[in-house]
Amino acid sequence: ECLGSGAVVLGSPMQPASLSVNTELDTQRSAAAILQLLRFGFGYVVQGDDMERGDGAASGGYGGCIVAAMLDRTRAALPLRSPELFLADRRRRARLRDVTRVVRSQARQGRRFSLRVNSVDVDVTLELLRQHHEDNWAGPVLGEVWRHMA
């Protein structure tokens with residue numbers, strides 16, 4: 001892996017990591033790779049995810065697509081299972097006070113923060129993505145991986 005300009009290239013320049021759904025094992029490995037990236041705080045992008053490209057397209061399957069992990073320079077992590085350890089650092093306690101102050105001030109203005117998890121309908125999600133983006137990056141390979149993850 002190599003970090004440059006916020007992107008982590010997985011694999012090597014001659015053979016970058018790819019996602020594939022040609023077999024059930026490929027789909028499981030692709031889903032596991034995406035989940036690991038998300039667990040480590042990365043976003044991800046894919047390239048070459050369409051039916052016209054890739055070695056599997058001619059045989060009725062989907063070819064692979066290249067995956068790259070994206071890392072924003074400003075990240076945050078919160079260990080939810082050990083708040084004592086997290087708050088042992090003076091700077092973190094100060095940051096918690098700052099965040100609490102912001103949340104209170106937003107609440108006074110009638111604003112709320114919420115976390116929602118909706119049930120996932122991958123087909124609807126993909127269709128809305130296609131409507132929203134002219135150059136849709138979520139092709140059939142990523143769609144199959146998402147279906148497996150759902």
Side-chain angles (χ1 to χ4, degrees), residues 1-83 86 92 95-96 98-150:
E1 65 188 52
C2 174
L3 178 60
S5 300
V8 176
V9 179
L10 305 172
S12 70
M14 296 303 287
Q15 189 175 13
S18 65
L19 301 179
S20 176
V21 293
N22 286 329
T23 67
E24 181 64 26
L25 183 59
D26 288 343
T27 305
Q28 289 174 0
R29 286 179 178 165
S30 296
I34 288 176
L35 285 173
Q36 282 300 100
L37 289 173
L38 295 173
R39 281 185 188 120
F40 289 131
F42 289 92
Y44 61 92
V45 294
V46 296
Q47 178 182 6
D49 186 2
D50 56 26
M51 283 198 238
E52 290 80 27
R53 297 177 63 179
D55 54 338
S59 63
Y62 299 124
C65 59
I66 296 170
V67 61
M70 303 302 293
L71 177 66
D72 191 1
R73 294 184 190 278
T74 306
R75 296 190 317 156
L78 179 60
L80 297 175
R81 293 190 179 157
S82 67
F86 182 76
R92 290 183 183 149
R95 180 68 178 150
L96 177 61
D98 291 342
V99 169
T100 304
R101 181 181 41 78
V102 169
V103 170
R104 269 196 315 263
S105 72
Q106 294 298 308
R108 281 188 219 121
Q109 296 174 19
R111 298 179 182 160
R112 295 183 321 169
F113 294 101
S114 63
L115 173 65
R116 297 186 181 115
V117 178
N118 297 327
S119 61
V120 176
D121 185 344
V122 176
D123 295 321
V124 171
T125 302
L126 288 169
E127 182 57 36
L128 291 171
L129 234 109
R130 287 185 188 105
Q131 290 174 10
H132 184 71
H133 295 284
E134 293 176 9
D135 56 344
N136 182 27
W137 49 267
V141 173
L142 196 54
E144 284 301 315
V145 172
W146 286 349
R147 280 184 193 85
H148 180 80
M149 292 168 67

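Please read these numbers as outputs of a predicted model, since none were measured by experiment. Only heavy atoms go into these numbers, but all of them, side chains included; no hydrogens, no water, no symmetry mates.
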- Item | Beyond-backbone contact of Val46 with Leu19, side-chain heavy atoms, under 4.5 angstrom | yes

Using a 4.5 Å cut-off on heavy atoms from C-beta on, say whether the side chain of Asp123 contacts that of Glu127. no

In terms of heavy-atom contacts, Gly143 and Leu126 come closest through CA-CD1, 3.7 Å

query: Where is the tightest heavy-atom contact between Glu144 and Val21, given as atom of each residue plus distance?
result: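 Answer, listing the atom of Glu144 first, then Val21: CB-CG1, 3.5 Å.
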
Review point. Should the heavy atoms of other residues, nucleotides or ligands under 6.0 Å from CD of Gln131 be counted, would the total exceed 12?
Key: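 Yes.
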
Could you pull out every donor-acceptor pair under 3.5 Å between side chains of residues 29-38 and any protein atom, sequence neighbours left out?
from: Ser30; atom 1: OG; to: Ser20; atom 2: N; distance (Å): 2.9
from: Ser30; atom 1: OG; to: Ser20; atom 2: O; distance (Å): 3.0
from: Ser30; atom 1: OG; to: Asp26; atom 2: O; distance (Å): 3.0
from: Gln36; atom 1: OE1; to: Arg39; atom 2: NH1; distance (Å): 2.7

Those residues at least two apart in sequence (or on a different chain) that pass side-chain contact (heavy atoms from CB on, under 4.5 Å) with Val99 are Arg95, Val103

To the nearest 0.5 Å, atom CZ of Phe42 lies from atom CE of Met70 at 10.5 Å

Here the salt bridge (charged side-chain N to carboxylate O under 4.0 Å, His left out) pairs for residues 101-111, sequence neighbours left out, are Asp98-Arg101

